[in-house]
Amino acid sequence: MTADITAIVTGHREGRLAVASLRSALSAVAAARSEGRRLELLLILDRPDPATRAVFQRYSAQADGLQEVDFGDQGMTRNAAITAASGARVACLDADDLWTEDWLWRAAAFLDRHGPGVIAHPAYNYFFEGQATIFRHIDQDDPEFSADFLRVVNYWDALCLCDRDVHLSFPYAARDVDAGWAYEDWHWNCETVAAGLRHKTVPGTVLFKRRKPQSQTLQASGSKAMMRRSRLSSYAQAGAQGSTA
Amino acid sequence: MKWLFDRKRGLGRGSVQQHGNWREDIAQIFSVPFYESRNPDVVEAGIDPIAHYLDFGWREGREPAPWFDSTLYLRIQPELTSLDMPAFVHFGRSLRNGDGAALAWLRGELILPLPDGRGKVVHTAFPRPLASTIKLLSDHVDKDYYWSRRPDLRAAGTDPVLHYILLGWKEGMNPSAGFSTEFYLSRNPDIREAGINPLLHYLEVRHKEEWRQVASVVDAAIFNEFDDIAMKQRVAAAVALDPMVALPDQPRRVTFPPLQYGALGAAAEAMRTAVGPTPAPVVVLLPHVRMSGAARVAGELTRALAGIDGTDRLLVVTTEEASFEYPDWFPEGIRLLDLSAFREGLEPEWAMRLLFDLLRGVGARQVFNVNSRLAWDTLRVYGRQIAQECLVASYLFTWDESPRGARVGYPIQWLRDTVDHHDLILCDTARLADEIRARFALDGPDAARVTTLYTPAPEPTPERPASDAGAPQQAADGVPKRVLWAGRFDRQKRVDLLIAIARQMPEVEFRVYGKPVLDDTPLAAGDPPPNLLELGTFTRFDEALDPLPDVFLYTAQWDGMPTILLDAAGARLPIVAADVGGIAELVGPETGWLVAPFDDVEGYVAALRAALSDPADAARRATALQARIAAMMNRPAYARDVAEARTAALALRQATRTDPQG
């Protein structure tokens with residue numbers, strides 16, 4: 001089957017927290033199908049614990065595939081799922097976060113309108129459990145956007161919708177916290193911005209993100225991880241990009 | 001605009017004559033009992049209260065009557081401040097002239113100029129707000145923000161604080177981008193119903209009623225978006241899937257990277273713009289270029305690297321201060337960047353990210369850190385990563401010692417945390433290099449990671465006639481022998497030993513130059529004997545050579561390779577020095593007198609007596625020392641050693657490290 005969108009849920013050791021995430025993915029897939037989109041749902045587990053494996057297997061019958069990999073690396077796991085995907089566009093969800101029912105079809109309609117070369121992010125990330133914040137994503141066409149800023153601070157996470165080809169051209173870099181490298185989403189954002197792709201926000205959309213005290217992001221910042229060097233790192237490239245790329 | 005009170009009627013700067021007029025203006029309304037009760041010093045001095053007010057009190061912020069508030073009066077007519085007269089005199093005169101606004105003030109009202117919407121200004125009376133209210137809100141009403149949204153108020157000269165207090169909040173005006181009036185009133189309906197100014201309420205209760213919802217203007221728009229029915233449904237659906245979505249059960253905050261990290265982003269942009277797109281594969285980091293041994297060494301290192309790589313491949317970066325006081329120390333045409341200007345005001349961790357960004361931005365492949373605190377701190381935090389992208393070299397001089405004798409400084413704590421991130425550790429003495437190799441077991445192939453680089457010595461003092469050099473004059477009858485001591489009067493240099501030595505040699509004149517730099521104890525605190533002459537400081541070493549000293553004495557508790565010894569050797573002075581740091585690498589039985597342990601006063605005295613009693617031997621040793629320095633510490637040798645050390649480190653790096661980019 002060739003799909004319009006492949007929805008990917010990546011699991012690791014989320015256990016029953018993944019239930020809500022998988023149910024949210026099923027709702028989003030169903031809603032997109034009801035909007036006339038051809039959807040593929042891929043579930044992928046990376047070094048899962050038995051509880052997480054059991055939850056994913058419980059929902060695998062409603063998915064188009066369940067794959068297990070042994071990377072111990074979120075970015076590599078996404079890369080593997082994207083390689084296996086048949087959709088022209090792909091969207092990823094971590095198995096402790098929640099999509100809204102309308103995310104996939106609204107983001108797809110947004111990309112339809114804004115043409116190729118656009119990466120669609122939800123307008124907001126609604127952090128819950130460990131943190132009561134609403135994180136506002138910036139649109140690259142917002143005057144406040146700055147490529148210089150992106151070199152030193154990240155703007156967006158990886159839970160976006162974009163053409164599968166974008167991911168094939170710019171796969172996520174390997175995470176290696178022991179060597180000091182993390183923030184593969186930030187790195188991917190820099191690479192794609194340097195390549196001239198545009199990160200935009202879909203008005204009225206929100207992603208629910210669980211913030212646990214031991215989240216990978218917080219672990220990385222505690223150990224002073226850094227993103228790998230990207231094409232945007234060079235001042236020659238950044239200058240060509242302009243401060244408001 | 002029309003003035004609230006007419007300021008043009010006979011006002012001017014204070015004088016005896018005008019005081020007379022001023023007194024008439026306020027005599028009927030000045031409250032003597034009030035003034036006396038508030039100012040007992042005036043009563044005690046027996047001064048007439050009105051005279052005191054007109055002469056001094058109004059300038060000192062003393063008020064003339066309980067119902068008058070000079071600050072508020074000037075606030076509504078800020079132009080009056082330039083008249084250099086008491087606001088109360090202006091008010092009294094306006095009152096005498098029958099100005100209605102002045103009468104209103106007397107009634108407890110305040111007249112505010114307001115645009116009428118047809119290009120005119122109308123003056124409207126309001127109950128006068130409490131001075132405390134105005135004071136509290138003044139810091140939270142952004143005048144420019146307010147006027148930018150109401151240019152008509154700007155044109156009418158309406159004070160934004162007063163306008164917001166009296167009218168603005170009722171009209172839904174926001175006092176600044178940081179506070180949404182409508183949001184506060186809508187989320188706190190009890191305050192709306194009570195008709196309380198929302199900003200005033202928030203400022204008064206914010207620490208007691210933390211549950212109150214408050215938002216900036218931008219955040220309020222987002223919260224309002226989340227109040228939209230469709231968004232509410234999205235949140236409700238998520239809560240239905242996982243009730244944890246509703247937690248923590250507290251007011252949400254909006255986060256937006258440009259708000260939190262705007263200063264860092266702006267610094268990154270400004271720095272990138274200043275540096276430009278030209279790459280710099282070799283970066284030298286140093287704190288500043290002020291009078292310091294490290295800055296001079298950084299100059300020599302840069303000169304050597306530029307000689308090998310070419311000036312255009314280098315970037316010299318000052319990280320702590322803009323000072324670049326000795327450009328001559330650096331090769332001509334070198335690119336300079338003052339990073340300290342861009343990191344100003346940034347959190348320490350942000351400054352580290354800025355440095356990391358710079359290294360990547362210019363495509364640095366080799367980083368040389370010469371005493372840059374930011375570089376050392378950054379290596380502690382991001383050294384793992386930087387070492388994967390660049391050859392990392394740090395220069396080490398001596399450590400420091402705490403008052404209790406503990407070794408501290410870059411060679412101790414900082415190196416302990418970063419030693420494995422270094423490809424190359426450059427030391428100015430072999431003794432320090434050996435100590436570091438031993439401490440970190442850097443032997444075998446790793447031994448090449450620690451290198452001694454003898455800093456090129458300054459040119460020998462040229463002005464002195466050859467006959468003078470190394471041949472101090474024989475003491476004529478009654479003329480004492482002279483010992484020169486020059487340095488910082490700091491703990492490290494052990495001035496107490498100098499004083500003790502001088503006490504034991506009353507027949508010798510000790511000529512002492514220097515001042516406290518790191519410590520603040522003057523030489524006199526040690527009660528020096530009369531044969532010790534404190535002569536201030538010099539800018540050039542040869543200033544200390546007239547009259548020519550017989551011996552140079554160097555005391556210290558710990559040290560590296562003191563530059564002053566090189567100066568003394570360049571002047572061919574015989575040297576008696578403590579055996580600390582790298583001094584023994586220059587001074588020994590053939591080239592001078594070395595005293596160990598460093599605090600052996602008798603040893604110094606014996607060495608000085610030996611040097612002073614045999615001038616020919618002293619001259620021979622001084623000449624030998626000069627020759628040794630000329631052979632060891634010169635620019636060609638230094639450049640060769642830098643090149644060899646770097647080549648070895650690059651080879652070792654190639655064998656042991658992999659580029660993270662693959």
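The chains referred to below are lettered A, B, ... by the order of the sequence lines, with proteins before strands, and numbering in each begins at 1.
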| query | Under 4.5 Å between any side-chain heavy atoms of A/I134 and B/F256, yes or no? | reply | no
| remark: Assert top hit (heavy-atom pairs under 4.5 Å, partner chain B, pool A/Y155, A/F127, A/Y124) equals A/Y124
| If only atom types and distance count, is the side chain of B/R234 paired as donor or acceptor with the main-chain N or O of A/G204 below 3.5 Å? | yes
| task | Would you check if A/M226 and B/I386 make a side-chain contact, meaning some heavy-atom pair closer than 4.5 Å? | result | no
| request: Take B/F226 and A/V206 through the test side chain to side chain contact (heavy atoms under 4.5 Å, CB included) and record every step on the way to the result. | output: CA-CA 10 Å; B/F226 274 81; A/V206 58; 4.0 Å; yes
| Would you say A/R136's side chain and B/D219's backbone share a donor-acceptor pair under 3.5 angstrom? | no
Please tabulate, for the side chains in residues 309-317 of chain B, all donor-acceptor contacts under 3.5 angstrom to protein atoms that are two or more places apart in sequence or on a different chain.
residue : atom : partner : partner atom : Å
B/D309  : OD1  : B/R646  : NH2          : 2.8
B/D309  : OD2  : B/R646  : NH1          : 2.7
B/D309  : OD2  : B/R646  : NH2          : 3.2

| Considering only heavy atoms, which portion of B/A238 lies under 4.5 Å from any heavy atom of chain A: side chain, backbone, both, or neither? | both
| field | Any donor-acceptor N/O pair, B/E349 side chain to A/K224 backbone, under 3.5 Å | value | no
| Nearest-0.5 Å distance, OG1 of residue B/T255 to CG of residue A/N125 | 8.5 Å
| request: Could you tell me whether the side chain of A/Y235 reaches within less than 4.5 Å of the side chain of B/M271, counting heavy atoms only? | output: yes
| message | Quick check on A/I138 against chain B: is it the side chain, the backbone, both or neither that has a heavy atom closer than 4.5 Å? | response | both
| field | A/E129 side chain vs B/M244 backbone, donor-acceptor pair below 3.5 Å | value | no
| query | Going through the distances and angles, do B/R252 and A/F128 end up as a side chain to side chain contact (heavy atoms under 4.5 Å, CB included)? | reply | CA-CA 10 Å; B/R252 291 196 167 265; A/F128 66 94; 4.1 Å; yes
| message | Counting neighbours of CD on B/Q250 that are heavy atoms of other residues, nucleotides or ligands and sit closer than 6.0 Å, is the number greater than 12? | response | yes
| query | Only one of B/V245, B/D242, B/V239 clears side-chain contact (heavy atoms from CB on, under 4.5 Å) with A/F208; which? | reply | B/V245
| message | Please check this pair: side chain of A/E144 against backbone of B/P258, looking for a donor-acceptor N/O pair closer than 3.5 Å. | response | no
| task | Under 4.5 Å heavy-atom distance to chain A, tell me which part of B/A237 shows up: side chain, backbone, both or neither. | result | neither
| request: Could you list which of residues 94-106 of chain A have a heavy atom closer than 4.5 Å to any heavy atom of chain B, in residue-number order? | output: A/L98, A/T100, A/D102, A/R106
